[in-house]
Asker: 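I am attaching a structure below and will ask some questions about it afterwards.
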Amino acid sequence: MPKEIPKAYEPDKYEDVIYRKWEESGVFQPENLKNTKGVYCNVLPPPNSNGELHLGHVSGYVVMDLMGRYQRMLGKKVLLLPGKDHAGIQTQVVYEKKIKKERNINRHDLGRDKFYDEVYDFCIDRANYMRSQEKKIGLSADWDKEKFTLDPKIVKQVLKTFVDMYNEVDAQGNRMIYRGERIINWCPRCASALADVEVEHEEQQAKLYYFTYDKNFPILIATTRLETKLGDTAVAVNPKDERYKKYIGKIYQADFCGVKLEIKIIADRNVDMKFGTGALGVTPAHSAIDWQMAQENDLKIVKVINEDGKINKNFGEFSGKTVLAAREMIVEKLKEQGLIEKEEDFINNLSVCERCKTAIEPLVSEQWFVNVDHKNFSLKKEARKAIESGKINIYPEKFKDVMLSWIDNVHDWCISRQIWWGPRIPAWYGATINKKEKIYVGADKPEGNGWVQDSDTFDTWFSSGQWAYTALGFPGGDDFKEFYPSDTMVMGRDILPFWAFRMIILSLYRTGKIPFKNLYFTGLIRDEKGKKMSKSKGNGIEPLDMIEKYGTDAARLSTIIGATPGNDMNLSEEKIAGFRNMVNKLWNISRYVITNYELQITNYELNQKKLTSADYWILQKMFMLISLVTDDLNNYQFSQAGERLREFTWNELADWYIEATKFDSGTEKNKVLGMILRDLLKLWHPFIPFVTETIWKKLSYEDFLIISKWPDVKCYLNIKYAYDINDKNSLSDFTLVVHLIKAIRNARLENKIEPSRKVKAVIHAGECVELIRRNESLIKGMRTGIEELEVKKSGEEIVGEIKIVVADVIIYLIGAIDKEKEEARIKKEKINLEKQIKIIKNKLANKNFVERAPEMIVKQEKDKLGRLEKEIGELGF
RNA sequence: GGACGGCUAGCUCAGCUGGUUAGAGCGCUACGUUGACAUCGUAGAGGUCACAAGUUCAAAUCUUGUGUCGUCCACCA
């Protein structure tokens, strides 16, 4: 056994080496695992391969890796399947910025094909870098199977889904995927349509204008967007509004700043009578609600704003102007004519593009949509069923309701994007015959000439939404057959509507099965003040910097301990440093044990006659720890499991048991310590794989810790304890010794006895006399400063000395009293005891309590009162 | 407007299905080079568990209401 171990754990000396050895040994490949029972699979969320890993990725991967390692140790055939996402719009935005900055060009300068090729290379490059980061954090994934969303086999399936859904036609001829002119969210900068979920809302200060179209128009209306009024075809009022009832149904011709409008007055119950003037100018082409009204009232739809964010043709002097310029011109003109009655400051919600934060223009455009409530197969209803029935288990549970309410409110999903990066929609348009457009939808280009492919690409979530099965090699792949549906899916709570929902609906449609059995949401990681981390604010913590500084294990712990599932967590560098200390503590415990003992690592046959109080105690604690941590992990209580492990390692093992071994005379230490260290390393391994594997190696085990078997409580149960180890309230001998030692230390400090000063102690131990005698060396050795110890069953009260009472045991410290300080200490003790006694007496004086509370509880209180009164009596009150 | 979540020690948070003297880590105070660890040890101080009412023998824990901060959804023309 090696005896030379460095004082401090230095992660960078071991991490890369160990990771490489794991990889080389093939343990990340499920096929290489021996004697497995059952399978476990987690299809890892593919990060967008256009940047680098941030803390959010890390915290998610740590959870997944933790679960994967745990399941592997349970003996399952474990597959953690990694991948990368091409991330349509986001990557295009990133790359456009890059070429603008580096080469001062835009994508049109390159042309579609060249642009695509460059972005592809860029993604591969980023993917390589990000993979190295994923390895750095210890992810035990099967890299041989890594997938990319643009892998031909995967794209083929994505296109097939599109074709299948297009060909899904109900009795009325409605397709599940259809092309149509509808109002959509348009990002002028990305020059693309966006799905509803890709739009964010930001509050902004705006002006609300009260105006009429011309001097003959009878109704005053309010708007913030005067320029869109060029496309108004109606004015809507609430049907109950007495002010406007008489106008409903009438049609007015108006001259709005030189543009002829035909305005119909319509009634709609959604109009808020209290807002503005209670009358709303309806612009069907540029507002979702108005568009809806236009459908219901058969209104004309006049497009005002173009895809480039400028005013459409046919609007005279306004045509070609930007939205803002047109607005100013109209304000000017209306003012000249005295048609603006007033302007009000007003805060409204501006819609912006989730990716580039540009203001969204709602506009009518021809796009591809998924009908989420199709008659042949209602995606939303099927998804609801899968979740409600519990086939998909959502954790934490509160997200089940979030998911369901989201499902209920979902609209048809716009899946076409006018960008270049990503798989193209497999639709071809033929030469027009008889002015009717010919369309062909199919995976491959149709026969014949003149077919032109749709220039749009897919919403990236249409592709990543199929990841759960495409990544596993659907339909024929072995992994798909063996591992689908996967066991766990982990993602940040922010992408529930984007990803979780889409994966569920698309998987149900394509495979007829749920994509995964358990869906676990993590919270978001924020800075120490609870602010969102962002590069521009400079408050982000770079995971790789932290790993370099404190080690991967510390970084992993910092994202696990203190995190409540689904709740956001604040993280600071100090916190990570704290966990570095934790890792180092474990290192030093091991260092001490390894260098001081010839540890048994194979034979744990204990000679129970030789076990000491401390031995029994730590074995019991270990038994409890294994049971509880196992339960915690089975219930996704990672933080709690981590805290238990820290508590055991630091406060029980290091502070008490290891300290005790320095004075304890037991002969079984090499076996007990061998068992404890072995199992402790196993329990810690899923959390902090590197340091545990490093120590494991120093223990000269043949196999890697990563493929060792999860601890079994059986060997702890075989020990004959003097008390019930399943009862966590039962006091072991050692617990009393701990209380005694703490009380002695406290009394010394309170009496200001110099730490170096040795004293004599006399103990009147009553029934505990044998127990105290057995543990004499501990009581003397463990920083109590006791040199001479006299243990008796009972004796005369020793007056004028420090007197400590713990349960039935009385300790006198001889010749060290500081009268004043001792009095103060006793007084404090007394107040404390009295407080407790009072509480219990009050309870017992309450007739209702004694009568109605369970007998157990009443007895507990009575016993406690007896004990406390005895103690307080001993102290002389 | 709808919903959800937080509000517990100076800070970050645990406290599940009601019964503990309300806990942890960091920070703070005092002391300490004791044979792994100063990335350490020992001992402390510090909280009307946001507020109010209710249920109960018993409430940080359950119910209702209020306040406050935050998040999401819808949407404000």
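Every chain is numbered from 1 and lettered A, B, ... according to where its sequence line falls, protein lines coming before strand lines.
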Asker: Does atom CD of A/Glu397 have more than 12 heavy-atom neighbours from other groups under 6.0 Å away?
Answerer: no
Asker: With ring centroids as reference points, do A/Tyr14 and A/Tyr9 lie under 6.0 angstrom apart?
Answerer: yes
Asker: Is any side-chain N of the basic residue among A/Arg867 and A/Asp863 closer than 4.0 Å to the acidic one's carboxylate O?
Answerer: no
Asker: Select base, sugar-phosphate, or nothing to describe what A/Gln836 touches, counting heavy atoms under 4.0 Å on all strands.
Answerer: base
Asker: If we take the P atom in both B/C72 and B/A59, what is their distance in whole Å?
Answerer: 38 Å
Asker: Could you check A/Met569 against A/Lys398 and say which one's nearest nucleotide on RNA chain B is further toward the 5' end?
Answerer: A/Lys398
Asker: A/Lys864 NZ to B/G19 P: how many Å, rounded?
Answerer: 13 Å
Asker: What interatomic distance, in whole Å, is found between C1' of B/A14 and the corresponding atom of B/A9?
Answerer: 13 Å
Asker: Could you give the distance separating B/A58 and B/A3 at their C1' atoms, to the nearest angstrom?
Answerer: 34 Å
Asker: Please report the distance, rounded to the nearest Å, between CZ in A/Phe521 and P in B/C4.
Answerer: 18 Å
Asker: Do A/Asp272 and A/Asn238 pair up side chain to side chain, a donor and an acceptor below 3.5 Å, judged on atom types alone?
Answerer: no
Asker: Please assess A/Thr283 against A/Lys229 for the test side chain to side chain donor-acceptor pair (under 3.5 Å), listing each intermediate value before the final yes or no.
Answerer: CA-CA 7 Å; A/Thr283 322; A/Lys229 301 293 103 183; 3.2 Å; yes
Asker: Suppose we screen for ring pair (Phe, Tyr, Trp, His ring centres under 6.0 Å). Which residues come up paired with A/Phe521, at least two apart in sequence or across chains?
Answerer: A/Phe399
Asker: I'd like to know whether A/Arg580 forms a salt bridge (charged side-chain N to carboxylate O under 4.0 Å, His left out) with A/Asp553, so could you lay out the CA-CA distance, the side-chain angles of the two residues, the decisive distance to 0.1 Å, and finally the verdict.
Answerer: CA-CA 8 Å; A/Arg580 184 266 322 260; A/Asp553 291 327; over 6 Å; no
Asker: Polar pairs (N or O, both sides) under 3.5 Å between protein and nucleotides 69-72 of chain B?
Answerer:
| unit_1 | atom_1 | unit_2 | atom_2 | d |
| --- | --- | --- | --- | --- |
| B/U71 | O2' | A/Arg493 | NH2 | 3.3 |

Asker: Is the closest side-chain heavy-atom distance between A/Ile594 and A/Ile695 below 4.5 Å?
Answerer: yes
Asker: Over all heavy atoms of both residues, which pair between A/Ala816 and A/Asn751 is shortest? Give the atoms and the distance, please.
Answerer: O-CB, 4.5 Å
Asker: Could you tell me how far apart A/Leu571 (CG) and B/C26 (P) are, to the nearest whole angstrom?
Answerer: 15 Å
Asker: Between B/A50 and B/C7, how far apart are the two C1' atoms, rounded to whole Å?
Answerer: 6 Å
Asker: Any side-chain N or O of A/Trp650 below 4.0 angstrom from OP1/OP2 of B/G25?
Answerer: no
Asker: Without decimals, in angstroms, what is the distance between A/Lys835 NZ and B/U20 P?
Answerer: 13 Å
Asker: Output the rounded distance in Å from CG (A/Asp494) to P (B/C73).
Answerer: 10 Å
Asker: Less than 4.0 angstrom from a charged side-chain N to a carboxylate O is my criterion; do A/Arg225 and A/Glu227 meet it?
Answerer: yes
Asker: Please tell me if A/Asn570 has a side-chain N or O lying less than 4.0 Å from either OP1 or OP2 of B/C13.
Answerer: yes
Asker: Heavy-atom count around A/Lys662 NZ within 6.0 Å, excluding the residue itself: above 12?
Answerer: yes
Asker: Could you pull out the protein-nucleic contacts involving nucleotides 58-64 of chain B (nitrogen or oxygen on both sides, under 3.5 Å)?
Answerer:
none

Asker: With rounding to whole Å, what would you report as the distance between B/A22 and B/C13 at their C1' atoms?
Answerer: 14 Å
Asker: With rounding to the closest Å, how many angstrom separate the P atoms on B/A43 and B/C4?
Answerer: 46 Å
Asker: So among A/Ile618, A/Asn588, A/Val593, which one has a side-chain contact (heavy atoms from CB on, under 4.5 Å) with A/Ile658?
Answerer: A/Val593
Asker: Which of parallel (below 30°), tilted (30 to 60°) and perpendicular (above 60°) describes A/Phe256 and A/Tyr213?
Answerer: perpendicular
Asker: Could you list, one pair per line, each protein nitrogen or oxygen that sits under 3.5 Å from a nitrogen or oxygen of nucleotides 75-77 of chain B, together with the distance?
Answerer:
| unit_1 | atom_1 | unit_2 | atom_2 | d |
| --- | --- | --- | --- | --- |
| B/C75 | N3 | A/Asn349 | ND2 | 3.0 |
| B/C75 | N4 | A/His201 | ND1 | 3.2 |
| B/C75 | N4 | A/Asn349 | ND2 | 3.0 |
| B/C76 | N4 | A/Asn349 | ND2 | 2.2 |
| B/A77 | OP2 | A/Asn348 | ND2 | 3.4 |
| B/A77 | O5' | A/Thr224 | OG1 | 3.1 |
| B/A77 | O3' | A/Thr223 | OG1 | 2.5 |
| B/A77 | N6 | A/Asp272 | O | 2.6 |
| B/A77 | N6 | A/Phe275 | O | 3.3 |
| B/A77 | N1 | A/Asp272 | N | 3.3 |

Asker: Go through the steps for A/Phe579 and A/Arg556 under the test side chain to side chain contact (heavy atoms under 4.5 Å, CB included), then give the verdict.
Answerer: CA-CA 9 Å; A/Phe579 289 112; A/Arg556 286 171 65 115; over 6 Å; no
Asker: Between atom CD in A/Glu574 and atom P in B/A24, what is the gap in whole Å?
Answerer: 21 Å
Asker: Which letters describe nucleotides 30-38 of chain B, given B = protein heavy atom under 4.0 Å from base, S = only from sugar-phosphate, - = neither?
Answerer: -SS-BBBBS
Asker: Applying the side-chain contact (heavy atoms from CB on, under 4.5 Å) test to A/Arg493, which of A/Val402, A/Leu524, A/Asn567 qualifies?
Answerer: A/Leu524
Asker: Is there a donor in the side chain of A/Glu598 and an acceptor in the side chain of A/Asn670, or the other way round, less than 3.5 Å apart?
Answerer: no
Asker: Nearest whole Å is fine: how far is B/G46 P from A/Asn832 CG?
Answerer: 12 Å
Asker: Considering only the P atoms, how many Å lie between B/C16 and B/U61, rounded to the nearest integer?
Answerer: 11 Å
Asker: Give me the distance, rounded to whole Å, that separates B/U33 from B/G19 when you measure between the C1' atoms they each carry.
Answerer: 47 Å
Asker: For RNA chain B, list all stems, counting runs of three or more consecutive pairs where every pair is Watson-Crick or G-U wobble with both distances under 3.5 Å.
Answerer: B:1-7 with B:67-73, B:10-13 with B:23-26, B:28-32 with B:40-44, B:50-54 with B:62-66
Asker: Would you say A/Thr649 and A/Trp684 are linked by a side-chain donor-acceptor pair, where the criterion is simply a distance under 3.5 Å?
Answerer: yes
Asker: Looking only at side-chain N and O atoms, does A/Asn746 come under 4.0 Å of OP1 or OP2 in B/G44?
Answerer: yes
Asker: For A/Glu344, does the CD atom have more than 12 heavy-atom neighbours from other residues, nucleotides or ligands under 6.0 Å away?
Answerer: yes
